[in-house]
Amino acid sequence: AGRIPFCLFFLHVASATGSGGTTAGLVLGTSLFLPQAKATGLGVDTDPFEEIVSELVKEAAGLVGQPVPTDMDSRFRIIYHVGAGYAIPNAEDTPYIEELARQEGILLDPVYTGKAWAKFLTLVKEGYFDGQEHIAFVHTGGAAALFAMELGKRGNFILPLDSPPPRQNKLHFVWPA
């Protein structure tokens with residue numbers, strides 16, 4: 001009793017955007033349950049996600065009987081990180097993906113969530129989140145695809161099984177109880 005729910009502290013939520021559905025859910029969800037929070041979709045394809053997400057938010061709001069957010073233009077933003085193309089790994093993303101695997105044991109595929117994670121960390125370093133400390137990155141899956149991909153033949157994303165280096169960043173991974 002009296003405990004503040006864990007998610008109320010997030011001021012920003014970011015995730016990969018490959019079709020727009022997850023980002024639309026985050027936009028509608030934050031408007032309903034975290035009104036102070038913003039959402040950033042990290043586009044891994046070149047589709048016009050600004051329009052797609054807006055339409056999906058309207059449809060989803062209707063399905064759940066909620067109003068469409070009136071502040072949609074300021075509630076979310078799409079930032080693209082496609083590289084050579086959809087479903088093609090970016091060699092420059094590999095160090096970010098490997099670091100997360102080594103330090104936290106979290107696996108990311110290099111063509112969807114891994115691309116978004118690399119862009120997310122770049123945005124953190126560039127100050128995109130204006131010094132906010134309570135930011136959530138949503139891992140939307142894709143790690144299972146690692147076992148179906150021929151990553152070794154592409155010449156990138158090779159993760160040696162050595163001991164993890166000491167933590168060098170200020171990122172902390174917390175799961176609610």
- Query: Taking atom CD of Glu50 and atom CG of Asp73, what is their separation to the nearest 0.5 Å?
  - Reply: 11.0 Å
Residues 42-49 side chain polar contacts: donor-acceptor under 3.5 Å, at least two apart:
none

- Query: Heavy atoms, side chains only, cut-off 4.5 Å: are Phe137 and Thr113 in contact?
  - Reply: yes
- Message: Show every side-chain hydrogen bond (donor to acceptor under 3.5 Å, both in side chains) that has at least one partner inside residues 124-134, sequence neighbours left out.
- Response: Thr40-Tyr128
- Query: Once you round to the nearest 0.5 Å, how far does NZ of Lys115 lie from CD1 of Ile97?
  - Reply: 9.5 Å
- For Ala118 and His81 the tightest heavy-atom approach is CB-NE2, 4.4 Å
- Query: Can you list every pair that meets salt bridge (Lys or Arg N to Asp or Glu O under 4.0 Å) and has a residue in residues 57-68, with sequence neighbours left out?
  - Reply: Glu55-Lys58
- Message: When you compare the side chain of Phe76 with that of Val57, does any pair of heavy atoms fall below 4.5 Å?
- Response: no
- Message: Quick check against the 3.5 Å criterion: does Asn90 have a side-chain atom that pairs as donor or acceptor with the backbone of Glu92?
- Response: no
- Query: Do Tyr96 and Leu100 have side chains that get closer than 4.5 Å, going by heavy atoms?
  - Reply: no
- Please identify each residue that fulfils side chain to side chain contact (heavy atoms under 4.5 Å, CB included) with Thr70, with sequence neighbours left out. none
- Task: With rounding to the nearest 0.5 Å, note down the distance linking CZ in Phe129 to CD1 in Ile135.
- Result: 5.0 Å
- Message: Checking Tyr86 now: which residues fulfil side chain to side chain donor-acceptor pair (under 3.5 Å) with it, not counting sequence neighbours?
- Response: none
- Query: Can you name the side chain to side chain contact (heavy atoms under 4.5 Å, CB included) partners of Ala61, sequence neighbours left out?
  - Reply: Leu28, Val68
- Task: Could you tell me which residues satisfy side chain to side chain contact (heavy atoms under 4.5 Å, CB included) with Ser15, sequence neighbours excluded, listed by chain and number?
- Result: Thr22, Thr23, Leu26, Val138, Thr140
- With sequence neighbours excluded, tell me which residues meet side chain to side chain contact (heavy atoms under 4.5 Å, CB included) with Asp71. Pro69, Ser74, Arg75
